[in-house]
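A quick write-up on the structure given underneath.
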Amino acid sequence: MTNTKNTPESQDSPDSPKKAESRTTSKRPGPMEVLRHARAQLAELTGMAAESVSSFDQTEDGWSLEIEVMELARVPDTMSLMASYQVELDPDGQLTGYRRVRRYERGRADAHRPGGR
């Protein structure tokens, strides 16, 4: 007589619906992973290191960020030329587009925009 004991291993066969679902469902990146990946992608494309992320939103199409980079180092550091880049990413965190939205000296506040952005 054959042993037909029902074990957890036999219930999760490679063709079971549970296994098929886990293979087709991809895990979306979390906010911190998206931020790190966006900074790295922008740095690779522009050749400028991202210093900070000043805004971050999840949108219907993915993610939208504003990233600050130093475009030109000057002495003193407060005179360095900074730039804000608007970065768009798909839901998986892959960069789909970017554009520079402003340039400013590091030591100057932007009085006409809310939040100093």
Side-chain angles (χ1 to χ4, degrees):
M1 184 168 190
T2 308
N3 184 357
T4 58
K5 184 177 178 184
N6 204 4
T7 64
E9 292 83 20
S10 64
Q11 290 174 358
D12 286 338
S13 70
D15 297 326
S16 73
K18 185 177 176 182
K19 288 286 184 178
E21 180 182 327
S22 68
R23 283 193 305 263
T24 59
T25 305
S26 64
K27 184 178 180 280
R28 296 281 187 212
M32 293 307 297
E33 188 177 349
V34 169
L35 289 173
R36 283 189 292 271
H37 198 58
R39 290 176 63 163
Q41 289 179 87
L42 184 64
E44 186 174 344
L45 288 168
T46 63
M48 296 176 284
E51 290 203 355
S52 65
V53 176
S54 57
S55 71
F56 174 74
D57 292 307
Q58 188 169 12
T59 66
E60 289 181 10
D61 299 325
W63 305 90
S64 178
L65 294 81
E66 193 165 311
I67 299 177
E68 310 300 316
V69 302
M70 181 169 41
E71 289 198 332
L72 180 62
R74 292 185 177 157
V75 176
D77 189 50
T78 55
M79 298 301 292
S80 293
L81 191 58
M82 304 294 294
S84 293
Y85 282 84
Q86 183 70 41
V87 178
E88 304 297 329
L89 299 107
D90 68 14
D92 295 321
Q94 296 299 311
L95 194 140
T96 58
Y98 73 93
R99 65 186 172 93
R100 185 174 61 202
V101 292
R102 72 184 181 109
R103 292 176 89 184
Y104 58 97
E105 289 177 339
R106 184 187 295 272
R108 295 194 189 260
D110 195 357
H112 67 278
R113 293 180 66 180
R117 295 187 353 206

Using ring-ring contact (aromatic ring centres under 6.0 Å, His included) as the criterion, list what pairs up with Tyr104, not counting sequence neighbours.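 Checked Tyr104 against ring-ring contact (aromatic ring centres under 6.0 Å, His included); zero matches.
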Which heavy atom in [X] sits nearest to a heavy atom in [Y], and how many Å separate them?
{"X": "Arg28", "Y": "Pro91", "answer": "CD-O, 3.8 Å"}
{"X": "Glu88", "Y": "Ser64", "answer": "OE2-OG, 3.2 Å"}
{"X": "Glu68", "Y": "Ser84", "answer": "OE1-OG, 2.6 Å"}
{"X": "Ala73", "Y": "Ser80", "answer": "CA-OG, 3.6 Å"}
{"X": "Gly93", "Y": "Gln41", "answer": "O-NE2, 3.0 Å"}

Do the side chain of Asp90 and the main chain of Asp92 share a donor and acceptor less than 3.5 angstrom apart?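 Looks like yes, one N/O pair under 3.5 Å.
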Is there a donor-acceptor pair closer than 3.5 Å between any side-chain N or O of Thr59 and the backbone N or O of Asp61?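 Yes.
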Apply the hydrophobic cluster definition, ILVMFWY joined by side-chain contacts under 4.5 Å directly or through others, and give me every member besides Met48.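 Hydrophobic cluster check, Met48: joined to Met32, Val34, Leu35, Leu42, Leu45, Val53, Phe56, Trp63, Leu65, Ile67, Val69, Tyr85, Val87, Leu89, Leu95, Tyr98.
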In the hydrophobic clustering that connects Ile, Leu, Val, Met, Phe, Trp and Tyr at side-chain heavy-atom distances below 4.5 Å, which members other than Leu81 occupy its cluster, ordered by chain and number?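 Same cluster as Leu81: Leu72.
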Excluding sequence neighbours, so at least two apart, what forms side chain to side chain donor-acceptor pair (under 3.5 Å) with [X]?
{"X": "Arg36", "value": "none"}
{"X": "Arg74", "value": "none"}
{"X": "Thr46", "value": "none"}

May I ask you to decide whether Lys27 forms a salt bridge with Glu33, counting only side-chain N to carboxylate O separations under 4.0 Å?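 Looking at Glu33 together with Lys27, the answer is no, because their closest N to O distance does not fall below 4.0 Å.
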Can you tell me how far [atom2] of [Y] sits from [atom1] of [X], rounded to the nearest 0.5 angstrom?
{"X": "Gln58", "Y": "Glu60", "atom1": "CD", "atom2": "CD", "value": "11.0 Å"}
{"X": "Ser52", "Y": "Met70", "atom1": "OG", "atom2": "CE", "value": "11.5 Å"}
{"X": "Met82", "Y": "Glu71", "atom1": "CE", "atom2": "CD", "value": "9.0 Å"}

Would Gln94 and His37 count as a side-chain contact (heavy atoms from CB on, under 4.5 Å) here? Give the steps. CA-CA 8 Å; Gln94 296 299 311; His37 198 58; 3.3 Å; yes
